[in-house]
Amino acid sequence: LGRYIENLRINKDYKFLINYNVKDNQISNVEFSKKLPNNLQRAMIRYLNSFQMYGDVSGCSISIKILEN
């Protein structure tokens, strides 16, 4: 995760869930449990896309906590 956020300026702590589905081995329908800055959302989606995905799965989630730097 560090590689995806290392160039972002994080001004406060963030704790959130990312909900998503996998369709045709690709991430789809990404939703965040809290409002996040756009650059952080893009970084989280790039992070998710780095995962090795197989098949179709719905209802996936990952909990993330990022501390301010």
Side-chain angles (χ1 to χ4, degrees):
L1 176 60
R3 163 171 70 169
Y4 298 93
I5 62 170
E6 67 186 355
N7 293 324
L8 298 180
R9 182 163 171 82
I10 308 294
N11 295 327
K12 65 178 192 174
D13 295 349
Y14 290 96
K15 184 176 180 181
F16 55 93
L17 283 175
I18 307 172
N19 298 303
Y20 61 95
N21 298 325
V22 178
K23 182 166 173 71
D24 298 326
N25 303 327
Q26 304 245 339
I27 299 290
S28 65
N29 300 327
V30 177
E31 296 179 359
F32 298 92
S33 63
K34 294 186 177 179
K35 178 133 175 73
L36 301 174
N38 288 335
N39 61 348
L40 184 54
Q41 285 186 23
R42 286 189 302 271
M44 294 299 97
I45 291 170
R46 284 194 311 271
Y47 174 63
L48 288 177
N49 284 324
S50 72
F51 296 174
Q52 192 69 259
M53 301 292 171
Y54 299 101
D56 296 340
V57 181
S58 61
C60 301
S61 66
I62 186 169
S63 177
I64 302 281
K65 184 174 184 178
I66 299 173
L67 303 177
E68 73 176 298
N69 55 355

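Only this structure's heavy atoms are used, side chains among them; waters, hydrogens and symmetry mates stay out. Small disclaimer: the values here were computed from a predicted structure and weren't measured.
Pairs engaging residues 39-59 under the ring pair (Phe, Tyr, Trp, His ring centres under 6.0 Å) rule: Y4-Y47, Y47-F51 [sequence neighbours left out].
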Enumerate donor-acceptor pairs with a distance under 3.5 Å from any side-chain N or O in residues 58-66 to protein atoms, sequence neighbours excluded.
none

Show me, pair by pair, the donor-acceptor contacts under 3.5 angstrom made by side chains of residues 29-46, not counting sequence neighbours?
{"residue": "S33", "atom": "OG", "partner": "L17", "partner atom": "N", "Å": "2.8"}
{"residue": "K34", "atom": "NZ", "partner": "K15", "partner atom": "O", "Å": "3.4"}
{"residue": "Q41", "atom": "NE2", "partner": "L36", "partner atom": "O", "Å": "3.1"}

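How far CD of E68 is from CD1 of I10: 9.5 Å, rounded to the nearest 0.5 Å. Between the CD atom in Q26 and the NZ atom in K23 there is a gap of 11.5 Å [rounded to 0.5 Å].
For N25 against D56, the heavy-atom pair with the smallest separation is N-OD1, 4.4 Å.
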